[in-house]
Amino acid sequence: MGASTLVGGAAQIWDGWRLRQGDALLIREGRIVWIGPQSQAPTADKYIDASDGILMPGLVDCHTHLVHAGSRLGDFLRRLEGRTYAELLEGGGGIHVTVAATNATSEVELRALLLRRLERWSASGITTVEIKSGYGLGVEEEERLLRVARSVDSTMRVVSTFLGGHALPPHRERSDYVREVIEEQLPVCAPLSDAIDVYCDRGAFTLEEAERILTAGRSYGLKLRIHAEQVSYTGAAAMAARLGALSADHLERVDAAGIAAMAKAGTVAVLLPGAMLHLRDPAPPVAALRAAGVPMAVATDFNPGSSPVADLWSCATLACLTMGLQVEEALAGITRVAADALGLPDLGRLSVGSRADLALFDAPPGDRLDARVLIQHMGGHQARWVLREGQPVSLPLSSKSVSDGCQSGEGG
Ligand code: NIG
Ligand code: FE
């Protein structure tokens with residue numbers, strides 16, 4: 001049997017479902033093999049001290065567009081002057097600005113930009129991030145973005161999503177581009193992807209086009225997710241649920257039929273308050289989603305246009321303040337339910353058998369040692385230490401490393 005590590009002394013644990021006091025965890029071969037009261041902890045080869053900290057599963061950001069180059073400041077200023085996101089996109093701006101800038105940037109530089117961005121994700125206790133392509137919109141261009149996303153997996157666990165169906169390139173004939181996505185991009189991109197996504201909306205792809213793209217992705221064994229009911233209502237959430245999508249994301253304009261279909265299929269609703277605020281959209285119908293039993297995750301949707309918001313913790317707080325989530329729902333939404341949205345049910349939770357991704361947080365100075373204060377105080381929380389499958393992650397922005405809390409041969 002491999003070496004074991006005991007993590008003990010935490011003031012409180014968020015296990016993905018609820019808050020627990022005074023528990024310790026035993027890790028072996030990258031998995032949690034025991035969880036229980038510190039006083040009954042088994043002896044271990046190594047001890048990691050979590051004293052006076054709030055222990056969480058490694059956080060999961062289940063919707064990002066982290067691989068891109070260029071600025072969208074112009075869009076932001078125009079939207080503040082009253083133009084809408086859909087108008088800018090339909091006029092050749094928006095996503096197309098980022099596509100042009102990204103395609104003009106080398107693969108080496110795109111990777112360097114991604115690694116710099118990920119420093120903030122890592123420091124905030126995130127151990128798993130979903131990264132979409134979608135700023136290439138060509139065969140080699142999309143393939144390159146997925147290669148970049150996958151290339152950083154040693155820094156951060158990456159789930160890669162093919163999003164060739166993000167926008168119709170200017171001057172392209174619709175049916176010809178959809179054919180290219182299905183017949184040319186998908187065969188090349190599928191081996192580099194875990195999932196496929198499509199932006200089904202005004203200014204992007206129709207319900208019928210989105211269904212063809214997702215169905216084709218499914219035939220390659222990809223998991224399905226969708227940008228649905230964001231700018232306009234299309235029926236995309238119900239369609240994706242019917243196809244077995246893991247998640248439908250945004251949902252500001254989802255209707256009762258969409259909610260019922262998601263509940264029936266177990267589709268996760270991914271709430272994206274960064275985009276909702278930046279586009280000044282109404283809140284998604286959280287009360288109706290909750291009443292129907294639809295699981296709700298929260299993600300950054302980090303991108304330079306609709307959600308230049310690089311802090312998952314802030315998004316969790318905003319989901320409470322602007323959408324009506326309760327604090328425990330927000331904590332679950334950035335851990336267990338976010339992992340479920342990626343089809344990774346052994347992440348985002350601290351339970352026997354789960355992968356030992358752990359992050360330890362301090363309370364804001366002087367406040368209670370209670371995970372709920374990390375939602376109450378909006379954003380910027382940095383982990384004291386992070387483990388990925390039981391191994392310390394080096395944190396670029398953090399003042400301490402896990403080795404400060406490690407001792408050998410103490411059984412707890
Ligand atoms: O999730 N809405 C479509 N896709 C992204 C925005 C991408 C962009 O504006 O660059 C979103 O909001
Ligand atoms: Fe998005």
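Order of appearance sets the numbers: ligands from 1, and atoms from 1 within every ligand. Any value given below was found using the heavy atoms of this structure, including those in side chains, with hydrogens, waters and symmetry copies removed. This structure is a prediction, so every number in the text was calculated from the model and none was measured.
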Working for salt bridge (Lys or Arg N to Asp or Glu O under 4.0 Å), residues Arg372 and Asp370 = CA-CA 5 Å; Arg372 293 172 294 183; Asp370 183 318; 2.7 Å; yes
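Among the atoms of His65, an N, O or S atom falls under 2.8 Å from the Fe ion (ligand 2).
For the pairing with Val181, the side chain to side chain contact (heavy atoms under 4.5 Å, CB included) check across Ile213, Leu137, Leu168 returns one residue only, Ile213.
For the residue pair Asp301 / Ser307, no side-chain donor-acceptor distance below 3.5 Å is found, with atom types taken as modelled. For Arg150 and Ser160, the side-chain atoms include at least one donor-acceptor pair closer than 3.5 Å.
Atoms of ligand 1 found under 4.0 Å from any heavy atom of His250, numbered from 1 in the order shown, are 1 (O), 11 (C), 12 (O). Set against the non-hydrogen atoms of Tyr135, the atoms of ligand 1 under 4.0 Å away are 7 (C), 8 (C), 10 (O). Each of the atoms 7 (C), 8 (C), 9 (O), 10 (O) of ligand 1 lies under 4.0 Å from some heavy atom of Ile95. Interface atoms of ligand 1 facing His63, defined by a heavy-atom separation under 4.0 Å, are 1 (O). The contact set between ligand 1 and Ser306, taken as ligand atoms under 4.0 Å from a residue heavy atom, comprises 5 (C), 6 (C), 9 (O), 11 (C), 12 (O).
Contact of the Leu318 side chain with the Met276 side chain is not registered, since no non-hydrogen atoms from C-beta on lie closer than 4.5 Å. A 4.5 Å side-chain heavy-atom check between Trp313 and His377 finds every atom pair outside the cut-off.
The shortest heavy-atom contact between Gly134 and His166 is O-ND1, 3.0 Å.
The nearest protein atom to atom 9 (O) of ligand 1, hydrogens excluded, is given as Tyr85 OH, 2.5 Å; this is a heavy-atom distance. If you check which protein heavy atom lies closest to atom 2 (N) of ligand 1, you get Gln230 OE1, 2.8 Å. Looking only at protein heavy atoms, the nearest one to atom 4 (N) of ligand 1 is His166 NE2, 2.9 Å. Of the protein's heavy atoms, His65 NE2, 3.6 Å lies nearest to atom 5 (C) of ligand 1.
Neither the backbone nor the side chain of His68 has any atom closer than 4.0 Å to an atom of ligand 1 (non-hydrogen atoms only).
Every heavy atom of Thr98 sits 4.0 Å or more from the atoms of ligand 1.
Asp301 contributes OD1 as its N, O or S atom closest to the Fe ion (ligand 2).
Classification of Asp153 and Arg388 as a salt-bridged pair holds, one side-chain N sitting under 4.0 Å from a carboxylate O.
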